[in-house]
Number of protein chains: 2
Amino acid sequence: MPEPDVFSALANPVRREILMQLRKGPRAVNDLARSFELGRPAVSEHLQVLRKAHLVREEPRGRERYYHLDPRPLSEVDDWLKAFTHYWKQRLAALEDVLNEEARK
Amino acid sequence: MPEPDVFSALANPVRREILMQLRKGPRAVNDLARSFELGRPAVSEHLQVLRKAHLVREEPRGRERYYHLDPRPLSEVDDWLKAFTHYWKQRLAALEDVLNEEARK
DNA sequence: TGAATACGTCGGAAATCTCCGACGCGTCAA
DNA sequence: TTGACGCGTCGGAGATTTCCGACGTATTCA
């Protein structure tokens, strides 16, 4: 039972696609399973990973469970990326300078 | 031999830390290995993953190999996140509205 | 009440990940 | 040239991931 890790949760393309779909609104598990060529257990287990990473929230409705997106933990990834955004904008600016220098010749 | 996937490359905390360290400048492999409590083969294999994801570039210097950060593929993650930034800013705005509504009472 | 539905979870199989020791190759220094 | 160093990669061990069929539970509907 590994701890909930947002980066690991995003490592799987199916889970990323689940999050994408949940943007448009909550979905039941069987409904999601039909979107992918996957059995229900597989989808259910992907949802468990997303749940442990607090990226989704479940809302029981009768015998179904609707899963809602909770994008807040994504800010951790965003923050991590910011440490590089600054760096790569510097790099891009430097590259641009070089290109301008070349063009001037 | 899985294909180079930026999200998978970021799933491992050691690889994320390697990228963090490379922000400050290029590093040789043994030098990196000393930072972690890891053998050199492990670090070398992490670097292979990062290389296949095009997140690092190697520059041979004599018998050493200095690894440079290439943050450009990170923009793929950034773009993916943008699909949610918009969503979660909407959510935050909606929450703010509710709070303002409450405060007005 | 009983049958059908929606779901979570438990083995278990197959694939993948992560790490290490060992080996080979190229480079440096004596 | 010889020995030591820095590195990549292979073979293999152990852990983890990903998927499925099977089972149990709760809910719905006839």
Side-chain angles (χ1 to χ4, degrees), chain A residues 1-22 25-70 73 77, chain B residues 1-22 25-70 73 77:
Chain A
M1 44 185 167
E3 56 184 47
D5 174 8
V6 185
F7 287 94
S8 302
L10 297 186
N12 185 290
V14 172
R15 288 195 289 269
R16 290 199 298 276
E17 182 56 27
I18 288 178
L19 294 178
M20 277 291 184
Q21 301 214 2
L22 290 185
R27 302 275 299 275
V29 180
N30 265 337
D31 190 18
L32 280 171
R34 261 177 255 114
S35 305
F36 309 95
E37 292 184 356
L38 272 184
R40 192 185 44 75
V43 173
S44 203
E45 282 148 12
H46 280 306
L47 287 169
Q48 190 186 22
V49 174
L50 293 172
R51 213 184 313 136
K52 285 182 178 169
H54 306 109
L55 283 164
V56 298
R57 170 174 53 87
E58 49 178 345
E59 174 210 359
R61 278 192 213 172
R63 64 187 154 185
E64 300 181 291
R65 287 192 188 195
Y66 280 77
Y67 277 86
H68 296 248
L69 174 63
D70 182 355
V77 181
Chain B
M1 45 181 170
E3 55 185 51
D5 174 9
V6 184
F7 287 93
S8 301
L10 297 186
N12 185 289
V14 172
R15 287 195 291 268
R16 289 199 298 276
E17 182 57 28
I18 289 177
L19 294 178
M20 276 293 185
Q21 301 213 2
L22 289 185
R27 303 274 299 275
V29 180
N30 263 338
D31 190 18
L32 280 171
R34 259 176 257 114
S35 304
F36 309 95
E37 292 184 355
L38 273 183
R40 191 184 45 74
V43 173
S44 204
E45 282 148 12
H46 281 306
L47 286 170
Q48 191 186 22
V49 174
L50 293 172
R51 214 184 313 137
K52 285 182 178 168
H54 306 108
L55 282 163
V56 298
R57 170 173 54 86
E58 49 178 345
E59 173 211 359
R61 278 192 213 170
R63 62 185 156 187
E64 301 181 289
R65 286 195 189 192
Y66 280 77
Y67 277 86
H68 296 248
L69 174 63
D70 182 355
V77 181

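Here is the naming used below: chain letters follow the sequence lines, and residue numbers restart at 1 for every chain.
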B/Val56 vs B/Leu22, side chain to side chain contact (heavy atoms under 4.5 Å, CB included): CA-CA, chis, key distance, verdict: CA-CA 9 Å; B/Val56 298; B/Leu22 289 185; 3.7 Å; yes
I need the single residue from A/Ile18, A/Leu38, A/Val14 that forms a side chain to side chain contact (heavy atoms under 4.5 Å, CB included) with A/Leu32. Which is it? A/Ile18
Among residues at least two apart in sequence or on other chains, which ones pass side chain to side chain donor-acceptor pair (under 3.5 Å) with B/Asp70? B/Arg72
For B/Glu64, what residues pass the salt bridge (charged side-chain N to carboxylate O under 4.0 Å, His left out) criterion, not counting sequence neighbours? none
Contacts of A/Ser8 meeting side chain to side chain donor-acceptor pair (under 3.5 Å) (sequence neighbours excluded), chain-then-number -> A/Asp5
With sequence neighbours left out, the residues meeting side chain to side chain donor-acceptor pair (under 3.5 Å) with B/Glu59 are B/Arg61, B/His68
Strand DNA chain C in bracket notation, Watson-Crick/G-U under 3.5 Å with | for pairs to another chain: ||||||||||||||||||||||||||||||
Within residues 37-50 of chain B, find the residues that approach DNA chain D with a heavy atom at under 4.0 Å, and present them sorted by residue number. B/Arg40, B/Pro41, B/Ser44, B/Glu45, B/Gln48
B/Arg51 CZ - D/dC7 P separation (whole Å): 12 Å
Can you find a side chain N or O atom of A/Asn30 that sits less than 4.0 Å from OP1 or OP2 on C/dT5? no
Between D/dG8 (C1') and B/Tyr66 (OH): distance, integer Å: 18 Å
Sub-4.0 Å heavy-atom contacts from residues 6-15 of chain A onto DNA chain D, ordered by number: A/Asn12, A/Arg15
I need the CD-C1' distance between B/Glu59 and C/dT27, as an integer number of Å. 16 Å
Could you tell me how far apart B/Arg65 (CZ) and C/dC25 (P) are, to the nearest whole angstrom? 15 Å
I want to check something: taking the side chain as every heavy atom from C-beta on, are A/Phe36 and A/His46 in contact at a cut-off of under 4.5 Å? no
On a heavy-atom basis, the closest approach of B/His54 and B/Pro73 is O-CG, 3.1 Å
Over all atoms of both residues, closest heavy-atom pair of A/Val43 and A/Ala33: CG2-CA, 3.7 Å
Can you give one letter per nucleotide of nucleotides 25-30 of chain D, going 5' to 3': B for a protein heavy atom under 4.0 Å from the base, S for sugar-phosphate only, - for none? --BB--
Could you state the CZ-C1' distance from A/Arg16 to D/dT17, rounded to the nearest angstrom? 15 Å
Using every non-hydrogen atom in the two residues, find where B/Ala28 and B/Tyr66 come nearest and quote the distance to one decimal. N-CD2, 3.8 Å
Go through the steps to decide whether A/Leu19 and A/Leu10 satisfy the test side chain to side chain contact (heavy atoms under 4.5 Å, CB included), and finish with yes or no. CA-CA 9 Å; A/Leu19 294 178; A/Leu10 297 186; 3.7 Å; yes
Whole-Å distance between D/dG8 C1' and B/Glu64 CD? 15 Å
Determine which pairs satisfy salt bridge (charged side-chain N to carboxylate O under 4.0 Å, His left out) with at least one residue from residues 32-50 of chain B, sequence neighbours left out, and list them in order. B/Asp31-B/Arg34
Once you round it to whole Å, what is the distance between P of D/dC19 and CZ of A/Phe36? 10 Å
Side chains of B/Arg57 and B/Pro26: closer than 4.5 Å at any heavy-atom pair? no
When we call it a touch if two heavy atoms are under 4.0 Å apart, what does A/Tyr67 touch: a base, just sugar-phosphate, or nothing? sugar-phosphate
What residue pairs, at least two apart or across chains, pass salt bridge (charged side-chain N to carboxylate O under 4.0 Å, His left out) with a residue in residues 6-22 of chain A? none
